[in-house]
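Down below is the structure, laid out as structure tokens.
Chain naming here is simple, since letters A, B, ... match the order of the sequence lines and numbering starts at 1 in each. Just so it is clear, the model here is predicted, and its values are computed rather than measured.
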Amino acid sequence: MPEPVTAVEVAVPRPVWRTYTYLMPREMAGGTLEGCRVEVPFGRERLRGWIWDRAKAPSGIDLKYVESRLDSVPLVPPSVLALVRWAADYYAAPPGMMLASAFPAASGIRMSVRATGRPAPDGPPPMGLIGSSFVPVDDLLPGFPSRSILMSQLSELEAAGHLESRFEPARRRVDRQSLMVVPALPPDELAGMAVRLRRRARAQASILEILSRSSERVLLGSLLREADASRASLEALVKAGAATIRPAEPAAAPDSAGLLAGRVVESLEPGQDEALDRISRADGGVFLLHGVTGSGKTEVYLRAIADSISKGRQAVVLVPEISLTPQLMARFESRFPGRVAVMHSALSPSERTRAWCDLSSGERSIAIGPRSAVFAPLRRVGMIIVDEEHDPSYKQQELPRYNARDLAVIRGSVEGVPVVLGSATPSLESWGNASSGRYGLLTLPSRIGSRPMPEVRAAVPPRSDCEPPPVPAEMVEELAKNHEAGGQAILLLNRRGFSPSRICRSCGRRETCPDCGISPTFHSRGGILRCHHCGWWIKAPVRCPGCGGGSFRTDGPGVQKVEAFLAKALPGLRVMRMDRDTVSSPGANWEILARFARREADVLLGTQMVAKGHDFPGVTLVGILAADLALAFPDFRASERAFQLVMQAAGRAGRGEIPGRVLVETSDPNAFAAAMAQDYASFLASELPVRKLLGYPPFGHLVRFVWSGPDERRVAESARRTMAGLEVEPAVRFLPPAPAILQRLRGRWRYSALARSARRPALRRLIPSVRDSFEKTSPKGVQLDVDVDPVDLL
DNA sequence: AGCACGCCGACT
DNA sequence: GTCGGCGTGCTC
Ligand SMILES: [Zn+2]
Ligand SMILES: [Zn+2]
């Protein structure tokens, strides 16, 4: 006899590592349940969650009922649902949070259904209302006792093959004018105002503070989001004369002709040809495409995708967010007109919904986007590309932690399609997989058109006792010469602000972030000290709070110091700065890049984002300042990152007809020998032995545990108790917890412990036992974070 | 993460 | 006497 109710496990979008059991009346539990959204009572809240599974048996007493069922079938295709399950398990992430990452913010999406033509003679009632053209399910609602029951019946019909469904934007496209906010006062006045308002009007202060450091104008929506402020707070500031609001100029439609000037579709070099051939013939598997910058990796991607499209399949292309520029989009769009959907965080909610629906319905067949695009709702994927596969931005650094590059590989195997991981500087993990034969290795050894690799030289850092110039004399000369010869230059210094700290000349005091315990960076714009870990800031004191002295020095370079220095040293050069402070929102870098490409500046100066994959034919000189900083970074990946940074930056030089030169400022040229020779093999030769010795990737796998909380002693105690009595398999090396490198972050003390093993299953078994032990020792005010395959150990 | 319950300081 | 601070604990 059938039960009158069905029990289901529901995942809720909360940081909880379990699902909850609910009951559903049979009449709403028909057809496919897994992945459907439901509304459930949760504590005193009402939440929208997802059915994760059918429950074993309604064992618990006092189960609550699902209030309503929102879908007949999951919004995402089965492959994506499978990917989410795998990811939640592998990364030990809360299932509901992983689902939330993979699903669209669903407001604004509606479902329509139509009959497939297969007759359903005794079908349930909705069938009579559904013809061969799509009808919105909302229109069917009136004849039914509840949405839940309609969904249940539609689900049964679809499972039996009588129906198919489609998702589309609920509203007609309304091109609402987006608004820009323009500062109306100089930055230091804005900052001053912010200080005065801090107590009385937090939201206004926070808006002012953002405006004070953004160079020109910001999108109203993203400003309010970042400031966590309301429109009313902004209007108050407009009234006070601090800012004005004006409509944005219509987004320049990607002008393919202009953006693609000088780009001819050439015939393939032999290396490209062979790579493409192997990819196209594969019916699955992973390829590592290792090609130096300028070797034509993108052309290989484009042709591999074209091949897939010609077979009636679709493609997912992952690109680091910072490299997702109009230039790149235009290149794809011109190759595949009308088929490309970009999933970018600069999109408005309605544009995002539109892109999502177009991919879901198959109207567009190529999804391009950053990390989250690995969950693109394509239903007939034939090819997955991950460009710059080594890029750390593929790893999400907050819950749910996942690495989109690795999920791409899993999605490829779920869908049974090839995955191409491309890089000029492959991660050691991918290199390891290629050399063990798990991945196919495809190599593009030279630049296309036999363009020479740039010539790379070391420059000696200036020696001086107190405040040395931030740019070596040799580099100043090169910049001048390069400018005279009509070339543009890129200058990279991977450090924001004016200087990493500001010190009292008489007593040596430097300020400290109260929440992170580190010295805040001095920003000349607005004259503020800002903590880059948490965003805390103060107006830089005029008198030293320690001794009352009024004279300060700075102790090292930042891009702003370089900017100020160049203005004096080379007044004839037009310098454009690009860093987190001038690029405050996604897409804000596009305008800077476009202006530099139009040669409205001679030098593009900035942090690592200047090195990320833009083609500027006019650039004949690249300077990397204070390269030693990258090596001094306290992390096991420092050498790898330093190598990648120098290689990537060097790759920007000589993309046009004129060969390029690269200058690397370092006091230890030997340490950069591999990068300067642009020789991946010699980088491997120096780095692999170190990794092997430590048992780090690619020779071992890592899982990192971080205990954190506001009370240091409790955190330390919780870490100790968690570990006490924990049984660890012999295959796993588990180092005891110790204060993390970032000992305190955002007001929380941090302890971390690292587990490593060559055997992944053993490592994975460890995670639940650690979490169990943590929960049993019932810590108050302490949180445990698990980071599988960490990209850094800070 | 929310959200409420709970037990101690400064307000009408 | 209450209002509210956020410490603590729970959510089927
Ligand atoms: Zn002092
Ligand atoms: Zn801080």
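In this structure, A:Lys780 does not reach the C:dT8 phosphate: none of its side-chain N or O atoms is under 4.0 Å from OP1 or OP2. OP1 or OP2 of C:dC12 sits under 4.0 Å from a side-chain N or O of A:Tyr22. Contact annotation: A:Arg714 reaches the phosphate of C:dT8 (side-chain N/O to OP1 or OP2, under 4.0 Å).
Here the C1' atom of nucleotide C:dC12 and the CH2 atom of A:Trp52 are 17 Å apart, to the nearest Å. The distance from atom CZ of A:Arg48 to atom P of C:dC12 is 18 Å, rounded to the nearest whole Å. As rounded to whole Å, 13 Å separates atom P of C:dT11 from atom CD of A:Glu775. For the pair A:Trp17 CH2 and C:dT11 P, the computed distance is 17 Å after rounding to whole Å.
Ion pairing between A:Asp785 and A:Arg401 holds under the 4.0 Å rule for side-chain N and carboxylate O. Using a 4.0 Å cut-off between a side-chain N of Lys or Arg and a carboxylate O of Asp or Glu, A:Arg147 and A:Glu39 do not qualify as a salt bridge.
Contact annotation for A:Pro13: no contact, since no heavy-atom pair falls under 4.0 Å across all strands.
The shortest non-hydrogen separation linking A:Leu754 to A:Phe734 is O-CD2, 3.5 Å.
The aromatic rings of A:Trp707 and A:Phe705 lie tilted to each other, with the angle between the two planes from 30° to 60°.
Taking for each of A:Arg44 and A:Pro15 the nucleotide of DNA chain B with the nearest heavy atom, the 5'-most of the two is the partner of A:Pro15.
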